Amino acid sequence: MERIHDATQQIQTADRRLGGGALYGSVSTYLATQVAPQLVVPAAGVSARQLFAAAASVTGIAGWMAHDTGDDRAARGYFDRALRLSLSGDVDALTANACASMAHLAVEHGQPVDGMRMAEKGLQRVRGAQDALRLEARLHAMRARAFAQLGDRAACVEALEASQRSLDLAVGSGHARWIAGFDEGALASEAALSFLHLGEVGEAEACAREAIRLRSNDDRVRSLVFARITLASVLVRTARVQEAAIVGTEVCAAAGSLTSGRAVAKLGALGMALRSAPVSAERAEFLAAAASVTGARRSGIDESWPI
């Protein structure tokens with residue numbers, strides 16, 4: 001299992017820099033040829049719980065890569081299987097992690113009630129897991145996104161504060177095995193999206209700029225791209241279209257090194273928002289740059305969820 005665990009760490013590091021499209025095929029093959037067979041014929045000395053945990057982790061990673069390429073139907077299927085594998089192995093942290101992933105997918109598709117339900121199911125599980133405060137923070141952030149879509153500002157802010165408290169408690173603590181980290185930069189990005197949905201553009205801008213500041217000092221290229229796209233969206237909302245176009249052009253330069261359908265789709269939405277803006281050199285430069293960034297578009301998802 002250590003070999004699989006080490007592989008997942010390397011995959012996630014590369015994914016943050018390159019985008020899901022660069023590794024999706026390789027991870028799917030690795031899951032089918034290296035991980036799945038061990039569920040049938042386990043290696044000596046490996047427990048069933050360890051096997052299910054490894055399988056759930058790699059399956060969840062494949063789901064995120066499918067999501068990043070824009071294939072959300074496949075992502076939904078992977079997250080569903082990750083949930084079932086973690087439940088079979090009775091691994092609370094990975095069950096909660098699958099719930100967080102599905103909650104994210106639901107709110108991304110404008111299904112806040114489903115997202116809320118899955119985040120809360122995840123919180124019920126995460127309380128029995130060891131070293132899972134960062135995962136707990138992520139689940140609270142998903143609740144905040146759902147509350148924002150439902151127009152409940154007070155509950156959204158309360159959930160963001162709960163997420164921050166979990167992160168504060170996590171300082172100096174360990175990390176749940178097999179679980180990708182959630183940090184201050186991730187929370188700032190989720191908060192920016194929440195406030196943007198609520199129409200509180202001042203708060204959204206401050207959070208987006210904080211996410212950019214934090215992501216400028218680490219290896220999470222894709223997260224930095226998304227934070228800049230959020231900032232550009234805020235600038236469009238506040239009629240600062242030239243600033244938005246400049247930020248958008250910077251995003252295009254960075255997104256060119258990614259294979260991320262999500263980034264392409266978000267850039268496309270930003271381009272549509274700017275097409276009706278007054279003509280300017282900055283606008284023209286962004287639209288030309290955005291046209292050169294190509295990739296997959298997002299697919300839909302099924303209406304029903306496993307929980």
Side-chain angles (χ1 to χ4, degrees), residues 14-24 64-75 104-105 107-110 145 149 185-186 188-197 201 204-205 207-216 218-301:
D15 176 53
R16 291 194 292 265
R17 292 186 293 104
L18 302 174
L23 300 166
Y24 179 33
W64 275 98
M65 290 184 173
H67 174 48
D68 199 36
T69 65
D71 191 351
D72 284 352
R73 287 192 181 90
H104 167 88
L105 200 59
V107 297
E108 283 285 296
H109 282 268
R145 291 279 305 277
Q149 289 186 7
S189 291
E190 300 294 358
L193 291 169
S194 297
F195 285 120
L196 184 59
H197 205 93
V201 290
E205 180 175 351
C207 292
R209 291 190 183 279
E210 176 65 3
I212 291 168
R213 183 187 72 81
L214 292 168
R215 288 296 180 239
S216 296
D218 62 24
D219 65 346
R220 297 174 183 250
V221 175
R222 181 179 51 210
S223 295
L224 178 58
V225 163
F226 288 150
R228 284 177 169 161
I229 291 173
T230 301
L231 175 61
S233 299
V234 172
L235 295 171
V236 169
R237 189 79 67 89
T238 54
R240 293 144 69 188
V241 294
Q242 286 186 310
E243 290 180 66
I246 291 170
V247 173
T249 301
E250 294 172 349
V251 170
C252 291
S257 67
L258 291 172
T259 51
S260 171
R262 281 196 296 157
V264 171
K266 289 177 184 294
L267 279 170
L270 180 61
M272 290 297 293
L274 285 174
R275 284 188 186 281
S276 59
V279 175
S280 67
E282 292 84 1
R283 172 183 173 273
E285 183 180 4
F286 165 68
L287 291 176
S292 69
V293 180
T294 60
R297 300 291 177 175
R298 189 171 70 176
S299 66
I301 54 175

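Values below: every heavy atom of this structure, side chains too, minus hydrogens, waters and symmetry copies. Just so we're clear, the structure is a prediction, and the values are computed from it rather than from any experiment.
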What are the two closest non-hydrogen atoms of [X] and [Y], and how far apart are they?
| X | Y | result |
| --- | --- | --- |
| Gly248 | Leu270 | CA-CD2, 4.1 Å |
| Pro278 | Val241 | CD-CG2, 4.3 Å |
| Ala66 | Ala74 | CB-CB, 4.0 Å |
| Ala245 | Glu282 | CB-O, 3.4 Å |
| Val251 | Val225 | CG1-CG1, 3.7 Å |
| Ala211 | Ala227 | CB-CB, 3.9 Å |

Using 0.5 Å steps for rounding, measure from the [atom1] atom of [X] to the [atom2] atom of [Y].
| X | Y | atom1 | atom2 | value |
| --- | --- | --- | --- | --- |
| Arg275 | Leu287 | CZ | CG | 5.0 Å |
| Glu243 | Thr238 | CD | OG1 | 7.0 Å |
| Gln149 | Leu193 | CD | CG | 9.5 Å |
| Leu196 | Arg145 | CG | CZ | 10.0 Å |
| Arg222 | Thr259 | CZ | OG1 | 8.5 Å |
| Glu190 | Thr230 | CD | OG1 | 9.0 Å |

Are any of the side-chain heavy atoms of [X] and [Y] separated by less than 4.5 Å?
| X | Y | answer |
| --- | --- | --- |
| Cys207 | Phe195 | yes |
| Arg215 | Phe226 | no |
| Ile212 | Leu224 | yes |

Aromatic ring pairing His67/His104, orientation class (parallel under 30°, perpendicular over 60°, tilted between):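 Judged by the thresholds at 30° and 60°, the geometry between His67 and His104 is perpendicular.
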Any donor-acceptor N/O pair, Arg283 side chain to Ala277 backbone, under 3.5 Å: yes
